[in-house]
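Working notes, structure below.
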Amino acid sequence: MTLNTPLYPVASAGLIQRWWSVGLSELAYAHAVPAATLTWGLVAVFLVGMPVADSLPFIGTYDSQRLCEIALFLWAAGLMMLSEERAHGGRLFQALPRRAHWGLGLVFALGVASALLAPRPRYALLEVSSFLLMGVLAVHLASFFQRHRTEPLRLVKPVLVLGTMAYLTVFLVGHAQALVVGGSLWPRALPGFAHVRMFNQWQVWVMPLLIAFVALAPKRRERWGLRILLAGMVMLLIASGGRGATLALVGSSLLIGALYRRAASAWLREAALAAGLGGAMYLLFFRVLASGNLSVLDRAGLGTSGRDLLWAKALHLIAEHPVFGYGPMHFAYDPSPLAAHPHNLVLQWATEWGLPAAIILLGLLGWGGVAWLRRTRSAVYQGAPESLWLMGLTSALSASLANALVDGSVIAPLSQVGWAVLGALLLAAYSGMDSGQRPPSTALKAGANSKLGWMGRLVVAAAALVMVTNMSLDVPTLHRRDYDYRAVRFSRMAPLRFWSQGRIADVEDPAVIRRVEQLARELAADR
């Protein structure tokens, strides 16, 4: 693993020594389930290392992250098929209401049907498989968290704190280097991320949890160390110019205040303090010491950045393919001058998977969200000790969903693993809250896993096979894809979907070439 920028120790590194040792002791407790412990360890390394490192620099940041993500997915799939972990994950999944089983099953069945009807079925099936295996990883982690003797906070805290500290250290080193010897300032020099909006996708679920860590910190020194880290993230949020992420985080804080009222005072106080400190740090680092950066306020009146065109295209494709959609991942098949995805979760699902799948998905999200809010409000109003942690999860969920309405967070590799971790935390916390019933690990019959049976293992095995087959075809040619697409004037088309060169259209198809040339002429005429 090679770092984009040398990672030097920082003065506050001692603050996390106790957190990390606590996290290790909690992991050691789980010696009876070494596979689950190792899974969380691999995910933890991914979350800490990917934002600051190019694990495979010869193929680029984005593709490196994708390959590491695929390794996590295949590991989780293997455990679900071959190890005893499938029993624990199966019991947790079976604890969900039956309508959730039917809804998820219908969504993926419609996705498979859409993929088989798509122009390029192997890429469409790859997208379906990646979402399915992301769910497998989430259930696997949720089972581990739920069976743990303490709340997941003690495991997640050192990972997210280390990841934040590592990224801010890399930023400070790079910023100082740019000021002293010259070079590009952040975010033009962006370690660990192929695009600054992917950094925002990481922020929208990490920052709410950092607020919870600050509010729960027992000692003054630890609290202030966490406050500085959180303020640094606010500084970079402002400097990134991410309007969608900023509105999502502000909106989620307002939602916390409206839902939990007086109980949320500590959480809201820390959020407001972080905003003030982060704003002051932005003025120091990006206005006094440096200049030329466009902040969120500077970009406030710059329009939709082409999203209106993407959404219009999505609506056009929905009208053409209302039932089964154009095919999973196939927004990237039809050439576009802006992006390989519509920058909207709902439109993406409706465009690519069809309106029925999108409606079912929205129904599941709405129904699950209402159930989560009801249970968390009850726990918070009853004075549960984990109240601030539940608020952090609620804020992370709402901010991530809001940001997904204007961004492509559901398709980027780092954010997909983040979605899996967040989903696991939500599922584990929901199943562990007092709701008048025993937790799934004891409430279900010992043979509950038989309901999952060979059919579930067959589905997971098929998804893993699709992914491995696609990797064998794509990975050897990754270095050539950019040249092939430039040959038909795809160089002006924004990439980044499954691979860094996001287009999946057949570059030898004359109809595709004609369409690209037509778009190029239209762009030239507009200019």
Side-chain angles (χ1 to χ4, degrees), residues 1-5 43 45-74 123 126-127 129-131 133-134 137 163 166-167 170-171 174 184 186-206 236 240 242 245 328-329 331-333 336 338-343 348 403-404 407-421 467 470-471 473-486 490-505:
M1 182 176 290
T2 61
L3 292 178
N4 287 285
T5 308
V43 172
V45 171
F46 184 91
L47 293 177
V48 173
M50 289 298 102
V52 296
D54 284 334
S55 55
L56 300 171
F58 56 88
I59 60 171
T61 298
Y62 190 85
D63 290 342
S64 296
Q65 291 181 357
R66 182 67 76 189
L67 288 175
C68 291
E69 177 201 36
I70 289 168
L72 287 177
F73 286 173
L74 294 178
Y123 279 112
L126 175 61
E127 178 104 322
S129 298
S130 65
F131 280 114
L133 295 182
M134 183 170 68
L137 178 62
Y167 194 86
V170 170
F171 159 75
S184 297
W186 195 95
R188 288 186 292 275
L190 186 71
F193 296 93
H195 195 281
V196 70
R197 296 299 158 249
M198 293 173 183
F199 171 75
N200 293 146
Q201 295 163 13
W202 177 59
Q203 284 186 303
V204 293
W205 73 273
V206 171
L236 294 184
S240 73
M329 207 189 295
F331 196 93
Y333 183 83
S336 166
L338 295 172
H341 54 89
H343 285 70
Q348 179 178 321
N403 190 55
D407 206 349
S409 61
V410 294
I411 56 96
L414 182 59
S415 61
Q416 283 188 337
V417 175
W419 278 105
V421 173
M467 188 157 284
N470 275 275
M471 295 312 98
L473 295 172
D474 283 349
V475 173
T477 63
L478 285 178
H479 66 286
R480 289 206 325 262
R481 291 168 68 92
D482 285 341
Y483 299 103
D484 292 341
Y485 279 76
R486 289 191 184 102
F490 262 101
S491 59
R492 300 180 67 178
M493 306 302 167
L496 299 178
R497 182 64 193 248
F498 194 83
W499 301 113
S500 59
Q501 178 46 265
R503 293 294 156 199
I504 65 172

With Ala420, which residues qualify under side chain to side chain contact (heavy atoms under 4.5 Å, CB included), at least two apart?
Met134, Leu137, Ala138
Gln348: side-chain hydrogen bond (donor to acceptor under 3.5 Å, both in side chains) partners, not counting sequence neighbours
none
For Ser415, give me all partners under side-chain hydrogen bond (donor to acceptor under 3.5 Å, both in side chains), at least two apart in sequence or on another chain.
Gln201
Name of the residue among Ile411, Val410, Leu496 meeting side-chain contact (heavy atoms from CB on, under 4.5 Å) with His341:
Ile411
Trace of the side chain to side chain contact (heavy atoms under 4.5 Å, CB included) decision for Asp474 with Tyr123
CA-CA 10 Å; Asp474 283 349; Tyr123 279 112; 3.0 Å; yes
Salt bridge (charged side-chain N to carboxylate O under 4.0 Å, His left out) with Arg497: which residues, sequence neighbours excluded?
Glu127, Glu352
What pair of heavy atoms forms the shortest contact from [X] to [Y], and how long is it?
X	Y	result
Pro191	Val170	CG-CG1, 3.6 Å
Ala245	Val204	CB-CG1, 3.7 Å
Tyr62	Ser500	CD2-N, 3.5 Å

For the pair Phe331 and Ile504, evaluate side chain to side chain contact (heavy atoms under 4.5 Å, CB included) and give the outcome as yes or no after the intermediate values.
CA-CA 9 Å; Phe331 196 93; Ile504 65 172; over 6 Å; no
Checking side chain to side chain contact (heavy atoms under 4.5 Å, CB included) for the pair Leu414/Phe46: CA distance, chi angles, key distance, verdict?
CA-CA 8 Å; Leu414 182 59; Phe46 184 91; 3.4 Å; yes
Is there a side-chain contact between Arg197 and Ser240, using heavy atoms and a 4.5 Å cut-off?
yes
In the structure I gave you, are the side-chain heavy atoms of Arg66 and Gln416 within less than 4.5 Å of one another anywhere?
yes
According to ring-ring contact (aromatic ring centres under 6.0 Å, His included), who are the partners of Phe199, at least two apart in sequence or on a separate chain?
Tyr167, Trp186, Phe193, Trp202
Output all residues satisfying ring-ring contact (aromatic ring centres under 6.0 Å, His included) with Phe131, sequence neighbours left out; order by chain, then residue number.
Trp349
Run the side-chain hydrogen bond (donor to acceptor under 3.5 Å, both in side chains) check on Ser409 and Asn403 step by step: do they pass?
CA-CA 8 Å; Ser409 61; Asn403 190 55; 4.8 Å; no
Just do the side chain to side chain contact (heavy atoms under 4.5 Å, CB included) check on Gln203 and Leu236 with the steps written out, would you?
CA-CA 9 Å; Gln203 284 186 303; Leu236 294 184; 4.3 Å; yes
Which distance, rounded to the nearest 0.5 Å, do you find between the CE of Met467 and the CD1 of Ile70?
5.5 Å
To the nearest 0.5 Å, tell me how far Leu67 CG sits from Met471 CE.
7.5 Å
Quick check: does any side chain N or O of Glu69 sit under 3.5 Å from a backbone N or O of Ala412, one acting as donor and the other as acceptor?
no
